[in-house]
Protein chains: 2
Amino acid sequence: MAKVTIKEIAQISGVSTATVSRVLNNAGGYSDKTKRRVLDVLEKYHYQTNVMAKGLRTRQTKSIGVVLPDLTNEYFAKIAVAIEHVLMEKGYSINIYNLSEDANKERLMIRDLESRGVDGLIYVSGYKDLPKKVKYQSIPVVCINRLEEMDKEVPVIESDHQYGGYLAVRTLLEKGSKKIVMLRDERDILPINFRYQGYLEALKEYGYQSDSRLICRIPFNVGHAQEAITTLIENGIDFDGIFASSDLLAIGALKALQIHEIKVPVDVQVVGFDNVTFSQYSHPTLTTIHQATDQLGERASELLLDLMNNQNLDSNKRMVVPVDLVERETTR
Amino acid sequence: MAKVTIKEIAQISGVSTATVSRVLNNAGGYSDKTKRRVLDVLEKYHYQTNVMAKGLRTRQTKSIGVVLPDLTNEYFAKIAVAIEHVLMEKGYSINIYNLSEDANKERLMIRDLESRGVDGLIYVSGYKDLPKKVKYQSIPVVCINRLEEMDKEVPVIESDHQYGGYLAVRTLLEKGSKKIVMLRDERDILPINFRYQGYLEALKEYGYQSDSRLICRIPFNVGHAQEAITTLIENGIDFDGIFASSDLLAIGALKALQIHEIKVPVDVQVVGFDNVTFSQYSHPTLTTIHQATDQLGERASELLLDLMNNQNLDSNKRMVVPVDLVERETTR
DNA sequence: AGATGTAACGTAATCGATTACGTGAGTTAA
DNA sequence: TTAACTCACGTAATCGATTACGTTACATCT
């Protein structure tokens, strides 16, 4: 069952390889009769183009790279799936590069990316630090979520983080919270900072001052979130609402509240961010800001396709995907 | 900054492409002096081999395919990451094919897989139905988790599902449960059936009869799990332990128990399966059977590497990865 | 000295496609 | 009738590597 090549197809159908190739690519320049004959043979012998031969000649691999911080994080996995969904239909295959935390791996990844000659790249930036000196040579790149260093060079698709933060906090305020904690990743990552801006914006709109004691900057994990809220409680700092910059942190907060027998949402209301699957199963279920991961992935893919076809496009494009509020049990 | 080819490197270093190639591949047949000179030029011009040209000639892509049911499921994502970790170090890149539920996509995927000529394939079977008629032609395949149809043809790496089920139920029995519900996926998927066997085995060992009213076969999602347990309660069927074939189902069970104010673990103990991240944040935190996803991925990758190098290996290999119990709050 | 072996290369074919260019047959227009 | 065009192909170069085979120079052996 050795693979059949274009040359053999040509021989069998009594034409040249050029004609077979033309038929394969719908390029015209053949009669209907030959077309049908060639197609028949193609079908009969289960011809499959050798992607490498084609790629060598055309300088296209029909594959694109997706670089992301952590595939086991549902948020990124969902984006990856959305990307795959769009691009696979267009005949592209997806090479996923999972950065994990391995600096060494980043090198390997970049080398690999370059020598494989992917046709395009989607860079999903996230909670990890990102490489500064990656030179994305001449292939089109689009970035999901903003990344300080690339800011000006690469088109970006991102959620409306600031409005999300605003929406979360406005909701808390509307439902009666007055002293709202912001529980956030300690690092100055742009999306997180935008959410913080939204927090400030909402407070201001409702005539409240922001209180620096209520801003908790912590490492990104459940334990630290729990600890931070515990500390607030034990220090007797008064609050009746929590906006967590991520559902994971919200979960930690809920734990701390539960241990101290503070009732949610009666005594304290909580709003998270991301709307991960887990948030609908926590106790109580979590009100959160939903990020449309599917849209992020789809838009990025479509934009990348555009860039790869006509590179005349404005590479300074920026696109904002709306977020929305999912109300569950942690708000009244 | 056009890419430099082997021909140019040859010209610059004053040798033939053959020699450059030999140096590149450490094939011998050149003096130390030339070797050094060529390496210098290679370095200086940042030579990167064109994977497609090389692949065309050698019939190797240095890439492997990973087919899995659902990338957004943490369990599969973790396996994928473990695979990537091993294989990337060996210079392979990973093409992930996410089946989702799309039958049409499966076709596309198979075509793609074949025409790209991946060097090997890791097939992670799971909770979805699987293709029967995939002909994995001549490339090495290894399968993670058993799959009825492939059973005899392909080497398999799997968790010790039966022992896991046994361990879960034995733990419940040891800690005082007497009437144990099994909450399981309704489909006859081998891993699930093995877990069920373990359930039976433990009951038998402790001298209990299995009660068919306590075996709940349900569609794989949280809502149905909750519903199933609710039904048991409302029908007055007595039980004091639950073994869920998956953490997700356990979460649904916990919800139902909580709504009916049945205390966990005092009135009912619960053990799940998988040890997903979420299980340590549920309320109460979930005792569960941990699957070593990293080992599954690593072993599979190593086996695949073996198969790709010396194909003399016994393709009937089977390997079982141990599971273990993680005790948390849902057991006494 | 002449035969033989070997290290260190170079030459050119090859992998499986695409595509610029050439060619012959048939059609149309003057 | 003949020049000019068009259509439907075929020929052969090309992409960037690998590698079988040939060649040269030099050392070794008899």
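We name chains A, B, ... by the order of the sequence lines, and we start the count at 1 in each one.
In this structure, the salt bridge (Lys or Arg N to Asp or Glu O under 4.0 Å) partners of Lys78(A), at least two apart in sequence or on a different chain, are Glu74(A). Every residue two or more places apart in sequence or in another chain that forms a side-chain contact (heavy atoms from CB on, under 4.5 Å) with Thr17(B) is listed here: Ile6(B), Lys7(B), Ala10(B). Residues passing the side chain to side chain donor-acceptor pair (under 3.5 Å) test with Thr34(A), sequence neighbours excluded: Ser31(A). Residues passing the side chain to side chain donor-acceptor pair (under 3.5 Å) test with Gln11(A), sequence neighbours excluded: none. Taking the side chain to side chain donor-acceptor pair (under 3.5 Å) definition, one finds that Tyr97(B) meets it with Asp112(B), sequence neighbours left out. Listed by chain and number, the residues in a side-chain contact (heavy atoms from CB on, under 4.5 Å) with Arg57(B) amount to none (sequence neighbours excluded). Among residues two or more places apart in sequence or in another chain, the side chain to side chain donor-acceptor pair (under 3.5 Å) test is passed with Ser63(B) by Thr61(B). Residues forming a side-chain contact (heavy atoms from CB on, under 4.5 Å) with Val51(A) (at least two apart in sequence, or on another chain): Ser115(B), Arg116(B).
Non-hydrogen atoms lying under 4.0 Å from DNA chain D are contributed by Ser31(A), Thr34(A), all within residues 31-40 of chain A. The stretch residues 48-64 of chain A comes close to DNA chain D through Leu56(A), Arg57(A), Arg59(A), each having a heavy atom under 4.0 Å from the strand.
Using a 4.0 Å heavy-atom cutoff across all strands shown, Ser21(A) reaches at least one base atom of the nucleic acid. When heavy atoms are screened at a 4.0 angstrom cut-off, Thr5(A) is found touching the sugar-phosphate backbone but no base atom. At a threshold of 4.0 angstrom between heavy atoms, the contacts of Gly14(B) are confined to the sugar-phosphate backbone, with no base atom among them.
Counting 5' to 3', DNA chain C first comes under 4.0 angstrom of a heavy atom of chain B and last does so at the ends given by dA8(C) to dG16(C).
Salt bridge annotation for Arg36(B)-Asp32(B): present, with a cationic side-chain nitrogen under 4.0 angstrom from a carboxylate oxygen.
Between Ala18(A) and Val15(B), it is Val15(B) whose nearest contact on DNA chain C lies nearer the 5' terminus. In this structure, Asn25(B) and Arg22(A) both approach DNA chain D, and ranking their closest nucleotides by distance from the 5' end singles out Arg22(A).
Remark: side-chain polar atoms of Asn98(A) are not paired, donor with acceptor, to backbone N or O of Val81(B) under 3.5 angstrom.
Nearest heavy-atom pair, Arg318(B) versus Glu158(B), reported as atom, atom and distance to 0.1 Å: CD-OE2, 4.0 Å. Heavy atoms only, all atoms of each residue included: Tyr47(A) and Asn50(A) are closest at OH-N, 4.4 Å.
Counting heavy atoms from C-beta outward, His161(B) and Gln291(B) have side chains that approach closer than 4.5 Å.
Rounded to 10 degrees, the angle between the two end axes of the helix from dA1(C)-dT30(D) to dA30(C)-dT1(D) is 50°, with five pairs used at each end.
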